[in-house]
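Not measured: the values here are computed from a predicted model.
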Amino acid sequence: MLFFSELLGRWPLQGVPVKLCASPVSWHQSPSSLLTIPMARKPLSPISHTTYTTQCCNEEYEIFQGTYSSLSFDHIYRGQGLAYTPGGPQPLITSYHNHSSAKLLQLIPPSGLALCMAEPDSNTQRRSGALAALRWQGFRSRSSAAPKEKPPIEMPLERTLPRPPAPVERRREMTEDEFWKWREEEPKYEDGIKWTSLRHNGPAFPPPYEQLPDNIKFYYNGEIVTLNAEAEEVASLYAKMLDHKLTRDETFRKNFFTDWKDTMSPEVKKVIASLDQCDFREMAEFGYFFLDGHKQRIGNYNISPPGLLVGRNSPNRGKLKKKILPEDVTINCSEKEVPEPPPGRRWGQVQHNPAVIWLASWKESPPEKLKYMMPHASSKLMGENDWKKYEVARSLKHHRAQIQEQYSKDWDSEDKSLRQRGVVLYLIDKFAFRVGNKTKDGMTTDTFGCCSLRVKHVTLHEDHKGETKKVEFNFMGKSSILYKKMVPVEEKVFRNLQQFKEEKGEKGEVDLFDQVNPQVLRTYLKSLMKGLTTKVFRTHIACITMEQQLKNLTHHHIKNKVLSFNEANRKVAELCNHQRTKTELHWSDLQDKTEASTDELSLLKKKLEQAMQGINTEELKSDVKRKDDELRKLDVKSRMEENKQLNLNSSNLYYIDPRIIVAWCIKWGVPVEEIYTKAQRDKFAWAIHMNNENFEF
DNA sequence: CTTTCCCATTCTGAGACCCAACG
DNA sequence: CCGTTGGGTCTCAGAATGGGAAA
């Protein structure tokens, strides 16, 4: 909870993290009825006026009549937010976002400051930052309202840069007590006077437009036309949206063209008569690259802005991610086509390496790791790699039996390192574990994979729920996702694990497989099959599983094809342990409910049994039935919730050979569009193009 | 109308794996 | 000679974002 007093010190509110207080009554002076300020769903046109009248403090006030809509901070800074109050129009300071509404909890005269607080539902919190505040001056009741004369408001929209220097004095924020003290002691101003001193830094402006380099041209009717600076800026805004469907919308085009024309110099205006003849394509500068002359999308062309590192459990979280300058960037391109660095800057390095597919790289910190600008998943280069990956995974089927035979033999070896290797490989082959590279101490999160498993991560159960020989895994995997599963294993694997554990005694933090590391394993796998690595197993198993699951769907079960597809997909996600970690709020509620219902049901059943001897059991029977139904419904719901914990996206994007899906789609007459989204179809264009009905993984 | 749910897409962090250099 | 290390490259990972529509 951020107190009102604190708010004042932080005006305007951009970027202020605010926690919601469950009962925001702590600063209430007097009870007041809630006032909802409705939000327009779509930005209202400037001419539309709406009047909202509502009850507050048991008196009726006219609250707004104005042109507010999806007001963001951005709008506010530009002074576009206006509230028409009884005292006349006033700038509105709020963090409204469309999709959100806020409850005005209290109006605090006479300063006219009002605080609006969003309801603590997840959406408003997420979208609007939980708190909206509104400064409303000239607050008066209707009875004493000043005549509705709207004084012209002076809102200097144009300022001369540079901005005025920030005040040097650092001011401590008031405590709540201090705030109220100040409020009591503040001088009573006469009407029309609000303050004696007022200081701030003015609005923040977006960076100025940078003109396009000379080699970027705009064409009209096939001819190069040089636009004046202002027209170019506006044109580039349109160019950015070329892929947007709105650029085929008549009104959108008409409106843009009219406004664009206003920015043209007379000479340019004379030339450009129709939008249809305009070719903006080159002006959409970023986001594309040309591979042997063919236009391809770039995956990530925005360098992430400086900020604080938000890692998943990373020891570096909170550390500064420095601003990346052109001088930090290495460009990879062909020799005669070096991109123009931003004006007045230069590239750190330019190289012409055709052996790699990245377009630019820079070192991001922390941790000191290279980042790359890469082609988009839909590009030829990425598509080829994707295809190659699946071909390798596919070829594993010719070697798998032999590999399994080999590692099974290793379980009996005299050599402990061989026995360990055999067990490790078994786990990888059976449970699709990641290899588990060494993590740098202190630099990265402690997460684990097969080779790096520690003694405490593995629990052996000789006899578990009547079944014998079960192994329980419990460790943090990639991205700190918990891997917790209980699985049956081969007798010999079990004995070996038992022995490895025993050797280490009570030391849970010790590596379970001390004789194996990813490097050794890699060399070994390489000798078994060309291109074989640990992750090939993961891909292979995922594909086989998917194919099998889809095959199991008979005509009878295939009524809802998309649903059955998801079911199969889910199996793969489960195998790969792909989860979403967001805690669903109602998840625990549901469990509680189920538990309570179960208790009630058993109680009712008991009652029924006791009453059986009597005659009047009908009522009880129906009670039992009702409760039973209720429980069944809850069960279905909870299973649905459970499924929500799985993340199907990763397996779909990275593990399941799209050719399996395409073949399945053809076989059952399911349009690919029903299975893959637009972005996925782009990524898997290579597989869709192959269109092979008989594909078998 | 507001609020909540749902989903596709983007974002950027975190692994795997390769290879050359090192000890 | 051979195992280890660390930088470089590409793949995989869930969260954040934001549009749209159902409730």
Side-chain angles (χ1 to χ4, degrees), chain A residues 36-42 50 52 70 97-103 118-119 121-124 126-127 299-305 307 309-314 316-317 321 330 332 353 355-358 361 363-364 366-372 374-377 381-382 385-386 388-389 434-440 443-445 447-452 476-481 517-523 525-526 531-536 538-539 542 573 576-582 584-586 644-655 676-683:
Chain A
T36 300
I37 300 169
M39 289 307 305
R41 196 174 160 70
K42 295 259 160 59
T50 324
Y52 295 100
S70 58
H97 183 286
N98 83 19
H99 279 295
S100 76
S101 70
K103 294 251 162 95
E119 286 282 271
D121 76 86
S122 60
N123 198 50
T124 16
R126 185 161 74 83
R127 291 188 189 244
N300 59 318
Y301 52 92
N302 289 321
I303 289 182
S304 26
L309 188 104
V310 180
R312 292 182 236 289
N313 211 10
S314 162
N316 291 318
R317 59 189 184 274
K321 291 197 302 172
T330 305
N332 188 40
N353 181 0
V356 293
I357 66 175
W358 53 265
S361 71
K363 195 162 260 177
E364 217 173 77
E368 297 277 311
K369 255 196 105 181
L370 277 166
K371 286 278 192 186
Y372 298 90
M374 299 286 276
H376 191 258
L381 292 169
M382 299 299 258
N385 284 358
D386 211 25
K388 275 186 216 156
K389 174 182 83 183
R434 297 188 188 87
V435 71
N437 279 307
K438 285 265 181 303
T439 49
K440 275 192 220 159
M443 285 301 286
T444 45
T445 320
T447 55
F448 303 88
C450 201
C451 293
S452 58
M476 289 296 189
K478 179 175 179 177
S479 299
S480 293
I481 299 299
N517 66 42
Q519 224 17 268
V520 171
L521 194 65
R522 239 162 247 152
T523 326
L525 290 179
K526 240 176 165 177
L532 187 61
T533 63
T534 308
K535 80 186 191 72
V536 173
R538 227 169 127 77
T539 315
C576 295
N577 200 41
H578 288 144
Q579 299 182 13
R580 54 178 103 185
T581 46
K582 231 193 282 175
E584 299 285 333
L585 262 180
H586 22 275
K644 274 190 190 166
Q645 300 300 110
L646 276 177
N647 168 12
L648 306 196
N649 196 45
S650 293
S651 50
N652 224 330
L653 275 180
Y654 305 118
Y655 286 102
Y676 285 143
T677 65
K678 171 77 171 60
Q680 288 171 329
R681 294 201 296 280
D682 285 347
K683 169 167 178 166

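- Whole-Å rounding puts the A:Leu525 CG to B:dA16 C1' distance at 13 Å.
- For A:Asn517, a side-chain nitrogen or oxygen approaches OP1 or OP2 of C:dT4 to under 4.0 Å.
- Side-chain atoms of A:Gln680 and A:Asp682 form no donor-acceptor pair, as typed in the model, at a separation below 3.5 Å.
- Inter-residue side-chain proximity for A:Leu646 and A:Arg580 is flagged as unmet; no heavy-atom pair is nearer than 4.5 Å.
- Counting any heavy atom pair closer than 4.0 Å across all strands shown, A:Lys321 reaches sugar-phosphate atoms only and no base atom.
- Note: CD (A:Glu368) to C1' (B:dA14) measures 16 Å, nearest angstrom.
- In this structure, the separation between OG1 on A:Thr444 and NZ on A:Lys438 is 12.0 Å, given to the nearest 0.5 Å.
- With DNA chain C read from its 5' end, the first of the two nearest nucleotides for A:Val310 and A:Arg434 is the one closest to A:Arg434.
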Is there a side chain to side chain contact (heavy atoms under 4.5 Å, CB included) between A:Asn313 and A:Thr447? Walk through the geometry before answering.
CA-CA 10 Å; A:Asn313 211 10; A:Thr447 55; over 6 Å; no
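- A heavy-atom distance below 4.5 Å is found between the side chains of A:Tyr655 and A:His578.
- Taking OG1 from A:Thr534 and CZ from A:Arg538, the interatomic distance works out to 11.0 Å, rounded to the nearest 0.5 Å.
- Within the nucleic acid shown, A:Ser314 comes within 4.0 Å of sugar-phosphate atoms alone, with no base atom in reach, counting heavy atoms only.
- The nearest whole Å value for the distance from the CD atom in A:Gln579 to the P atom in C:dG14 is 8 Å.
- Nucleic acid contact for A:Arg538: sugar-phosphate only, since backbone atoms but no base atoms lie under 4.0 Å from a heavy atom of the residue.
- At the heavy-atom level, A:Gly436 lies under 4.0 Å from the strands shown only through sugar-phosphate atoms.
- Rounded to a whole Å, the CZ atom of A:Arg317 is 17 Å from the C1' atom of B:dT12.
- Note on A:Lys478: a base of the nucleic acid sits closer than 4.0 angstrom, heavy atoms only.
- In this structure, A:Lys389 and A:Tyr654 approach most closely via the heavy-atom pair NZ-O, 2.8 Å.
- Using a 4.0 Å cut-off, some side-chain N or O of A:Thr534 falls inside it from OP1 or OP2 of B:dC17.
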Filtered N/O pairs between nucleotides 8-11 of chain B and protein, under 3.5 Å:
unit_1	atom_1	unit_2	atom_2	d
B:dT9	OP2	A:Thr677	OG1	2.9
B:dT9	OP2	A:Ala679	N	3.2

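- If A:Thr533 and A:Lys371 are placed on DNA chain B by their nearest nucleotide, the residue sitting closer to the 5' end is A:Lys371.
- Atom NE2 of A:His578 and atom P of C:dG14 are 5 Å apart (whole Å).
- Distances shown here put every side-chain N or O of A:Ser479 at or beyond 4.0 Å from the OP1 or OP2 atom of C:dC12.
- Look at A:Ser480 and you won't find any side-chain N or O under 4.0 angstrom from OP1 or OP2 of B:dA14.
- In this structure, CG of A:Leu521 is placed 11 Å from P of B:dC18, rounded to the nearest angstrom.
- Straight-line distance from the CD1 atom of A:Ile481 to the P atom of B:dG15: 10 Å, rounded to whole Å.
- Using a 4.5 Å heavy-atom threshold, the side chains of A:Val435 and A:Arg522 count as touching.
- Residue A:Lys438 places none of its side-chain N or O atoms closer than 4.0 Å to OP1 or OP2 of C:dT5.
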Could you go over nucleotides 7-10 of chain C and give all protein N or O partners under 3.5 Å, atom names and distances?
unit_1	atom_1	unit_2	atom_2	d
C:dT9	OP2	A:Tyr372	OH	3.0
C:dC10	OP1	A:Ile357	N	3.2

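- Of the residues near DNA chain C, A:Lys389 and A:Gln519, the one whose nearest nucleotide (by heavy atom distance) lies more toward the 5' end is A:Gln519.
- We find that CE of A:Met476 is positioned 17 Å from P of C:dA13, with the value rounded to whole Å.
- The CD atom of A:Gln579 lies 6.0 Å from the CD1 atom of A:Ile481; values are rounded to the nearest 0.5 Å.
- For C:dA13, the OP1/OP2 oxygens have a side-chain nitrogen or oxygen of A:Tyr655 closer than 4.0 Å.
- Between A:Arg522 and B:dC17 there is a side-chain N or O to OP1 or OP2 distance below 4.0 Å.
- Between A:Gly449 and A:Glu364, the residue anchored nearer the 5' end of DNA chain B, judged by the nucleotide with its closest heavy atom, is A:Glu364.
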